[in-house]
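Both backbone and side-chain heavy atoms feed into the values below; hydrogens, waters and symmetry mates do not.
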Amino acid sequence: MVQKIKIALPGGKEALCPAGLTVGEALAGGQGGNLASTMAAKVNGLPVDLSHSLAEAAAIEPIDVASSEGLSILRHSMSHVMAQAVQETFAGVQVAIGPAIEDGFYYDFEYAEGFTPQDLERIEARMREIAAADCPFERREVSREEAVELFRSKGEHYKVELLNDLPADVKTVSLYSQHGYIDLCRGPHVPSTGMIKAFKLLHVAGAYWRGDERNKMLQRIYGTGFATQEALEEHLRLLEEAKKRDHRRLGRELDLFQLNDEIGPGLVIFHPKGTLLRTIIEDWEKKEHLKRGYDLVIGPQILKVDLWKRSGHFDHYRENMYFTDVDEQTYGIKPMNCLSHMLIYKAKIRSYRDLPLRYFELGTVHRHEKAGVLHGLMRVRQFTQDDAHILCTPAQLNGEIRAIADFVGYAMGIFGFEYEVELSTRPENSIGSDQDWELATAALEGALRDGGMTYEVNEGEGAFYGPKIDFKLKDALKRKWQCATIQCDFTLPERFDLSYIGEDGEKHRPVMLHRVILGAIERFMGVLIEHYAGAFPLWLSPVQAAVLTVTDNHIPYGKEVRMRLVEAGIRAEGDFRNEKLGYKIREAQLQKTPFMLVIGDREVASGQVSPRQRDGKNLGSIGVEAFIALVRGQSSQFK
RNA sequence: GCCGAUGUAGCUCAGCCGGUAGAGCAACUGAUUCGUAAUCAGUAGGUCGGCGGUUCAAUCCCGCCCAUCGGCCCCA
C-alpha cells in the first residue's frame, strides 16, 4: 500500500498524494493541469525539477516563466541545449560553464578555431532540431568520483577541474541529460527541450577561464531567450532602440564631441555644444560644493616621481601612469588628484578646529587604460573628475560619509538617475595595515547602515589604498558604470605624515576620504546623453531655443528676437536659411532643441513669437518677454 | 593587454569570380519666398584605414600595423 503524504499547494490548498508522486504531477492535480508556463518548482523553498519525486510531506509552489527565476531556468536550459548543439556540430570542443545572465545566457567553450557568425547560424539550427525533438531533461545524482571519471573519459577537463574544486564535504553531484547529452549541473531545468522555443544567439566573444587573465581564453557564445517569440522580438527591438540612444552616435548627431584616431584613442575633443553642456554641469557642481562647505582648489598636471613613490602610486599604479622627463627629472602625469590636496593640507599646522577640510577640484587626470577597454566617453585615457578629498578626525568620519552619500542622492535626483550601491573591500595588491583596513571598511559600512541604504558587497574590489562605496548607473545597453565613489583612506595621511593639533594639545593623524559625485565628467556626460536620449532638460540643453524664419522677409525681426534672447541669457540660435519651415522644424527637432520659435508675418506684425515645444505642442503667440520668463522659470530650478 | 568581427565620400551603406568605385542624405551653386518633421535642379566630393607582399593588374587574395565594435580582464 502506497503511503500518502500531505502536500501544501499555492493558495493555501492542501492535497493528500501518494508518496513518490512528482512535483509536476502534484501541481497539475492541484491547478487544473496547465503547466505550460511552469519551468520548475520550489519544494519547501528549494528549487527542483518538476520531475522531482516527493517522498514526504512538503510545501510546493510552481516557478512560472513569468518570474525572473523561471526565465533564468529556461535560459539556463537553453544554454545546455546550445552546448549540445555546439559539441555535435564541431569536433574538438570542450565545455566550461554556461549560466543564465540578466538578459539571456552564455556558454564558454574551448575551441581552437573559434566560432564565426556563420557558425552561430548552424548552432542555432541544430538547437531548433533538439528543441523540436521535445526530449526530457533528466536529473541523475552520482558520486563525485563517478562524475570525475565520466568527464575525464569524455576529455572534459574543465568539468573535471570544477568537480575537483568543489568543497570536500560535497559527496554527490547532479548530472543533467537531454537528448543523449550529459552535463554537470546543479539544476533545476525545464521538463523538456520542447519548452525552448524563442531564442537567438547574439555574438561570440573571448572570455578567460574563471575570469582570470592568467588563464586560457575561451570562446563565449552569448544568446538570449524568452518564453514566447513575441517577447524575444520585443527584446531585440528594444536592443535596436537602445542603439539609437548610444552616446557615441548621439555625440556625433548632436555635434557634442568627437573621438579621433589622429589625436589618439581614448582622447575626447569637445565641440562647442558639448563644451557648453559640460560647462553647465561644472558650474552647477562648483556652486553645489561651495554650498556644502568645500573649498575649490587646483593642482598641477605633473608632479615629481618621488611624490608618487611616497604615495604608493609608483609601486601600485605605475602601469596605469604616464611619465615625462623635464630637465633630467622624471615627473608623473597625475592619474589622481590627491597629492596636491595633501600638500595643501600640509602647508600649515592644522587644528582640530579646522577640520573637516574639504578640497574640491575639477581635476583632469590621465590613465593608461588598456586599449581594449576604451569605450566612447565612458572609458577614456584623459578625463576630469569632480574630485574632493576630505580630511577629518576619525570621529567625524561617519557624518562626512553620510553627507557625501546624501550629496550623491541629491545629485542623482537632479538628473533623474536610479543607481545601485556597492561596498568594495580590500584587494590583493594593497597598502596599509590590517587594522586600518578594518576601521575604514567599518566606517563605510556603518555610514551605509546608518543611512539605511541597501548595498551589495564586492569582496576584494577596493582601491589599493582603501575600501570604497561605489554608486553605479546603467547605460542604454544596461551596462553598469561607476560614477560616484567614496573611498576611505588611513594610509596616505600616514605616508605624508599629516597631523592636526587636538583639543589635548597633542598631534593626531587625520583620516582622508577620496570621493567623486558624478565621477568622471566625460563618463557622466555619456550616461546622461543616453539617459535623456539627447533630449536634455532645458537647463542643460546647449541650445535652448531655435529661431526659425518662414521667409527671407522675416530675417530682420528673427535676428532681433534672437539677440533679445541671447542678451537675456538664453542659449538661442537662428536658422535663417532659405529653406521651408517644415525643413527647419524637422532639423531642430532632430537636434532635440527644447523650443522652436517660428517667425512669420503674424509675429513680425504683432512683435511676438510662436514657440513650438520639442514634444510637438504649440504655445500660440506670446510676447518675447513672456517667452524669456517662461524659459527662465523652467530652467531656474537648478541654477 | 586578450578573443572575435569590422574599416569604401562628412553620415548611412551598395560594389558579383581581382580589370583603379556608386546611391541616398549632408555640403556647394542656382531657382523657389514657402506657417509647424525633408521644394526642385545642378555641381563638387574618395591614395577604398596604413604599410608591405602575390599578380600583367589589388577596394577585392596574403602578412604586419592602426583604429573601431562586441565581450573578457581592469576601471571614474
Undergrad: Out of B/U36, B/U68, B/C72, which nucleotide sits closest to the side chain of A/Arg612?
TA: B/U36
Undergrad: Is A/Arg214 atom CZ crowded by more than 12 heavy atoms from other residues, nucleotides or ligands, each under 6.0 Å away?
TA: no
Undergrad: For residues A/Phe115 and A/Phe109, establish whether the separation of their ring centroids is below 6.0 Å.
TA: yes
Undergrad: Can the ring centres of A/Tyr465 and A/His316 be said to be less than 6.0 Å apart?
TA: no
Undergrad: Side chain of A/Asp601: nearest nucleotide among B/A76, B/G35, B/C72?
TA: B/G35
Undergrad: Where the side chain of A/Phe383 is defined as all heavy atoms beyond and including C-beta, which of B/G35, B/G71, B/A76 is the nearest nucleotide?
TA: B/A76
Undergrad: Assess the pair A/His531 and A/Phe415: is the distance between their ring centroids shorter than 6.0 Å?
TA: no
Undergrad: Is it the case that the ring center of A/Phe464 lies less than 6.0 angstrom away from the ring center of A/His313?
TA: yes
Undergrad: Which residues in residues 236-247 of chain A have at least one heavy atom lying under 4.0 Å from any atom of RNA chain B?
TA: none
Undergrad: Mind checking whether A/Phe105 and A/His76 have ring centres under 6.0 Å apart?
TA: no
Undergrad: Taking the nucleotide of RNA chain B with the closest heavy atom to each, which residue, A/Phe115 or A/Lys580, is nearer the 5' end?
TA: A/Phe115
Undergrad: Is there a side-chain polar atom (N or O) of A/Arg479 under 4.0 Å from OP1 or OP2 of B/G70?
TA: yes
Undergrad: Does A/Arg248 qualify as a cation-pi partner of A/Phe257, given the criterion of NZ or CZ under 6.0 Å from the six-membered ring centre and within 45 degrees of its axis?
TA: no
Undergrad: Looking at the rings of A/Tyr359 and A/Tyr294, which for Trp means the six-membered one, are their centres under 6.0 Å apart?
TA: no
Undergrad: RNA chain B: A/Met336 or A/Arg248, which has the more 5' nearest nucleotide?
TA: A/Arg248
Undergrad: Given Watson-Crick or G-U pairs with both distances under 3.5 Å, what dot-bracket string fits RNA chain B, with | for other-strand pairs and [ ] for crossing?
TA: (((((((..((((.....[..)))).(((((.......))))).....(((((..]....))))))))))))....
Undergrad: Do A/Arg220's NZ or CZ and the ring of A/Tyr107 fall within the cation-pi criteria of under 6.0 Å and 45°?
TA: no
Undergrad: Does A/Leu590 reach a base, just sugar-phosphate, or nothing at all? Heavy atoms under 4.0 Å.
TA: base
Undergrad: Reckon A/Gly372 touches a base, only the sugar-phosphate, or nothing at all at heavy-atom distances under 4.0 Å?
TA: base
Undergrad: Is A/Tyr222 stacked against the base of B/G71, taking the criterion as centroid distance under 5.5 angstrom and interplanar angle under 30°?
TA: no
